[in-house]
Amino acid sequence: MKELNKMAVASFQVFLSPVKREEVEETPFLSSIKLSSKSKANFRPVVPQNLSSSYFVSATYDGEKRAVCIKLYEPKSAKIYFWYSGTEHRPYCLSNLPPQELEKLDRLMSHPGFDHFETVRRYDLLLDREVNLTKVVAKDPLAIGGRAKGCIRDVIPEDYPKVAGNQKVKVWEAFIKYYQCYIYDQDLAPGMIYRVANGGLVPVEYERSEDVVNEIRQLFQNESKELLHHIENWARLLECPVPDFRRVALDIEVFSPVATRVPDPAEAAYPVICASLLGSDGRKRVLLLKREGVEYGAEKLPPDVKIEFYNSERELLLKVFEALWDYPFVITFNGDDFDLRYLWRRAQNPELNFRRSEVPIEAGRRVCLLAHGIHLDLYKFFFNRSIQVYAFSQKYRGVTLDELGEALIGKTKIELKKTFQELTYTELAQYCLRDAEITLGLTTFDNDLVMKLILALTRISRMPMEDVTRQGVSRWIKSFLQYEHRRRNMLIPNAEDILALKGRTTTKAIIKGKKYKGAIVVEPKPGVHFNVAVMDFSSLYPSIIKVHNLGYQTILCPHQECKVNKVPETDNWVCTKRKALESLLIGSLRDLRVEWYKPRSRDETLSSEMRSWYNVIQSALKVILNASYGVFGAEAFDLYCPPVAEATAAIGRHAITQTIKSAQELGINVIYGDTDSIFLRSPSPEQVDSLMKWSERDLGMDLDLDKAYRYSVFSSRKKNYLGVFPDGSVDIKGLTGKKSHVPVFLKKAFLEMVNRLGKVESPAEFQEAKREIQRIVRDYYLKLKRREFEPEELAFEVVLGKMPGGYVKTTPQHVKAARLLQDKGKDIKVGDSIRFVKVVKDPHVKPVDLVSKSEVDVDKYIAYLQSTFDQVLDALGLNFDEIIGRTSLDRFM
DNA sequence: GCGGACTGCTTACCT
DNA sequence: ACAGGTAAGCAGTCCGCG
């Protein structure tokens, strides 16, 4: 085990005046606590010489100490401790110029942050050979790449051509945050357990069951040694137990002179009038500012909620700050941009007279972090598309506290009938408390699922918890790939170098403006098909990346002899001599999820606690795996390499076409397929089995039976079908009647039909069902004709993708409605759902609240009813016009 | 000046 | 700031039309 040297600094967090606070208890495992007498450090939590097992939860760079600060969470005391790196590691970047050439650069040599040169060797994966490089070591990360002019990474390529002509000079690894650099080089594992011994940071091996280790080894014995090694490494990170996170949810309310305006945190011009602090320890506090003319109110708050009144805003803020110094984790919803930012800005107000050291918030340009604990902004986390789609299977749509609360924990915000100023104290308290309840609830439901998910992602990505919650999946993947490069002494390439060598694609996308051809969708066979089996490749793209050795190094590699190893349908070739890092890492994650965590998350022989943890891990892996192909086609990704994405998709197309061919040769009727799946009409178990074996043998990939339908209904439209399971439940894909923006009137009609279809068990029962479906269609048609509806039921609900003013090319209907709302003084933001009804009069839309029954454009709704039902009626051999008794002449009229 | 054919924009969805 | 493919509706444009 490796011990790291560091410098030990002072003690514990101590509050001197003006904040009164109980003496902090000394915990027995802290051997030396030094209390700093310097007022500047009053509020700084400090470093113990010794500390028992604690979780590495965060890392930052401390500019004053010129050291990496690692935040350790000790779960028994439920406190955060700091550990600082020493001088053994310094920020650096790499250059291809030898030291004697670099020495010619005045601005480099005279840079106050420059320290020294070292000569190093690295493996350059693009060139497939070792290279000699100079490590330019600095005293401070800002010297390498600060915002000030003349930082080292700019100076080297700018100045060298001036002294030596046009020679190609480059720098590498100059854009890596220093604390990440430190994590990679010291082989640290965020999210894992460490202790501090004599001032050194020591990894702690947790107790692992021998059985688990052996079972994993057994399970993957046929894989390569390298792959097994990675599987075991990931498992070591992911099997590690999870602590209980002591945390507080914070929500504040601010006075506003204009009822419809939210106060701007950049100004923080108005007082904070209420704050809720809801602890995972059960403490529930609502802090209220006493104001003139405000009534107490009759509302009863729960008895365990402590209501605190403050005569001055300063006192109130001090109490809030006290909690922010105390709790190791602080949870907010949009705290980066509102709650914490507002508090921070407010504390700058000279009238409130706060000293810098009293304020626990460190406001950056886009984030607000805590000087002491960890701030997790759930808005950013739930906004993450990958989290939304893959971890929560689109259970929520809009990313608002209200919608998330409703969708995940069944708790909504309190609806206000009055403006903020008109609220009584208790009404305000209730409102604010509810927001904090939802915020905390979002981290506690399903046994702290969200906290566990964040921790799992922290371990995989090797990033601090704060960063994991704020950044997208491409950053997570980048981070662990950078770590793996450093582990192996490989040079982390510059994006432009990959692009220069491997930026071209050879296939033509079907969609205009896309870079390469994607997946195949099989033309469906329209009609009703009984006994349908759906087979699919488990994790198709990650499997391809694994099996076909794909990565930026191996695609279009420099070896002449590999050029025959062509990717089908493209001009790309893949290396036959080296193993790609991405192939190894994504492959091992895939195998671990598919073969280990997914089955065990459903294994009834395990405790429910174990199952739920395994379920968290398998969804974390799912999030990463689902993005692992896409990132190579995403310009923002540091290892952006379009031919890798192109090859992955091409091999995917090849795999599914071959599979369809093979199925047909086995005499199976393939009725549909999309990307990685094929739909088979009443195949025999033997046929299914043969196909699985064929895939395993000929493609080297797992083709599994995914689901079986009693019957399925297809129109001629792709990505558009309905399948009835043996138990009568109905799987609906892509049909308009299920889409979220469709008026409830149409959804209700559609649902009635779906329910009827769920009851059909055999072809013979279809006649009766068809008759009833015709009746349903007629009923709803007549309801529209007779205007038997409420405008509310006819509202479309479409989300604004931009600010209403941002639409310059066209003005879609929901934007027209949004602008009408703005005219009424409503505050409209990106992401808001706009509810509107189609009307006869000119702009043809109206916000739902302004519509009366008589203005509704009934014909438009009948047309919508038709298109909604046509998707299914086609397949049933029914015709909308005939059902409603409309002749072609009627339609002409 | 109007309608049809067309393209492009936008959203929601599938894998 | 993961990808491409598909459906649907509407907005805008162009062209023909005595």
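Here the structure is a predicted model, which means the values were calculated and not measured. In what follows, chains carry the letters A, B, and so on, assigned in the order in which the sequence lines appear, proteins first and then strands, with residues in each chain numbered from 1.
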Peer 1: Indicate yes or no for a side-chain donor-acceptor contact from A:Arg590 to the backbone of A:Lys546 under 3.5 Å, with no hydrogens or angles considered.
Peer 2: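 Not confirmed, A:Arg590 side chain does not pair with A:Lys546 backbone.
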Peer 1: Answer with base, sugar-phosphate or nothing: what part of the nucleic acid does A:Gln394 contact at a heavy-atom distance below 4.0 Å?
Peer 2: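 The answer is nothing, as A:Gln394 stays clear of every strand by at least 4.0 Å.
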Peer 1: Are any of the side-chain nitrogens in A:Glu646 or A:Lys517 under 4.0 Å away from the carboxylate oxygens of its partner?
Peer 2: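 Between A:Lys517 and A:Glu646 there is no salt bridge, as every charged N stays at least 4.0 Å from the carboxylate O atoms.
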Peer 1: Quick one: which residue pairs count as a side chain to side chain donor-acceptor pair (under 3.5 Å) with a foot in residues 829-838 of chain A, not counting sequence neighbours?
Peer 2: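 Residue pairs passing side chain to side chain donor-acceptor pair (under 3.5 Å), neighbours aside: A:Glu792-A:Arg835, A:Gln813-A:Lys838.
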Peer 1: Round to the nearest Å and state the distance from A:Asn626 atom CG to B:dC14 atom C1'.
Peer 2: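 Going from A:Asn626 (CG) to B:dC14 (C1'), I get 12 Å.
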Peer 1: Run the ring-centre check on A:Phe714 versus A:Tyr721 and record whether the distance is less than 6.0 Å.
Peer 2: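 Yes: the rings meet the under 6.0 Å criterion.
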Peer 1: Any salt bridge (charged side-chain N to carboxylate O under 4.0 Å, His left out) pairs touching residues 704-716 of chain A, not counting sequence neighbours?
Peer 2: A:Lys707-A:Asp731
Peer 1: Keeping to residues at least two apart or across chains, list the side chain to side chain donor-acceptor pair (under 3.5 Å) pairs with something in residues 463-481 of chain A.
Peer 2: A:Ser58-A:Glu466, A:Tyr179-A:Asp467, A:Tyr184-A:Ser479, A:Asp336-A:Arg470, A:His375-A:Arg470
Peer 1: Does the side chain of A:Asn669 pick up a donor-acceptor pair with the side chain of A:Lys525 at under 3.5 Å?
Peer 2: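 Their side chains do contain a donor-acceptor pair, which is all the 3.5 Å distance test asks for.
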Peer 1: Who passes side-chain hydrogen bond (donor to acceptor under 3.5 Å, both in side chains) against A:Arg717, sequence neighbours left out?
Peer 2: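 Listed in chain order: A:Ser715, A:Asp874.
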Peer 1: Short question: side chain of A:Glu582, backbone of A:Tyr552 - any donor-acceptor pair under 3.5 Å?
Peer 2: yes
Peer 1: Using the test ring-ring contact (aromatic ring centres under 6.0 Å, His included), find all partners of A:Tyr780 that sit at least two apart in sequence or belong to another chain.
Peer 2: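 A:Phe745.
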Peer 1: Tell me if the centroids of the rings in A:Phe796 and A:Tyr864 come within less than 6.0 Å of each other.
Peer 2: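 Between A:Tyr864 and A:Phe796, which both carry aromatic rings, the centre distance is below 6.0 Å.
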Peer 1: List the atom pairs, donor and acceptor, that lie under 3.5 Å between side-chain atoms in residues 627-644 of chain A and the rest of the protein, sequence neighbours left out.
Peer 2:
{"residue": "A:Ser628", "atom": "OG", "partner": "A:Leu625", "partner atom": "O", "Å": "2.7"}
{"residue": "A:Tyr629", "atom": "OH", "partner": "A:Tyr516", "partner atom": "OH", "Å": "3.0"}

Peer 1: With a non-hydrogen cut-off below 4.0 angstrom, is A:Ile511 in contact with a base, only sugar-phosphate, or nothing?
Peer 2: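 Since a base atom lies under 4.0 Å of A:Ile511, the category is base.
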Peer 1: By ring-ring contact (aromatic ring centres under 6.0 Å, His included), which residues pair with A:Phe480, not counting sequence neighbours?
Peer 2: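 Partners of A:Phe480 by the ring-ring contact (aromatic ring centres under 6.0 Å, His included) criterion, ordered by chain and then number, come out as A:Trp234.
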Peer 1: Side-chain N or O of A:Lys718 less than 4.0 angstrom from OP1 or OP2 on B:dT15?
Peer 2: no
Peer 1: A:Asn720 has an atom CG; how far is it from atom C1' of B:dT15, in whole Å?
Peer 2: 14 Å
Peer 1: Output the distance between atom CG (A:Leu540) and atom CG (A:Leu703), rounded to the nearest 0.5 Å.
Peer 2: 10.0 Å
Peer 1: For DNA chain B, which residues in residues 627-641 of chain A have a heavy atom at a distance below 4.0 Å?
Peer 2: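 When residues 627-641 of chain A is checked for heavy atoms under 4.0 Å from DNA chain B, there are no hits whatsoever.
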Peer 1: Output the residues of residues 384-392 of chain A in contact with DNA chain C, where contact means a heavy atom of the residue under 4.0 Å from an atom of the strand; sort by number or write none.
Peer 2: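 A:Ser386, A:Tyr390 - these, ordered by number, are the residues of the stretch whose heavy atoms sit under 4.0 Å from the strand.
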Peer 1: Answer yes or no: is there a donor N or O on one side and an acceptor on the other, between the side chain of A:Ser712 and the main chain of A:Leu722, under 3.5 Å?
Peer 2: no
Peer 1: Let's see if you get this right: which residues in residues 463-485 of chain A place a heavy atom under 4.0 Å from DNA chain C?
Peer 2: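 Going residue by residue through residues 463-485 of chain A, the ones with a heavy atom under 4.0 Å of DNA chain C turn out to be A:Arg470, A:Gly472, A:Val473, A:Ser474.
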Peer 1: Can you give the first and last nucleotides of DNA chain C, 5' to 3', that have an atom under 4.0 Å from a heavy atom of chain A?
Peer 2: C:dA1 to C:dG12
Peer 1: Once each nucleotide of nucleotides 1-12 of chain B is scored for protein heavy atoms under 4.0 Å, what B/S/- sequence comes out, 5' to 3'?
Peer 2: -------SSSSB
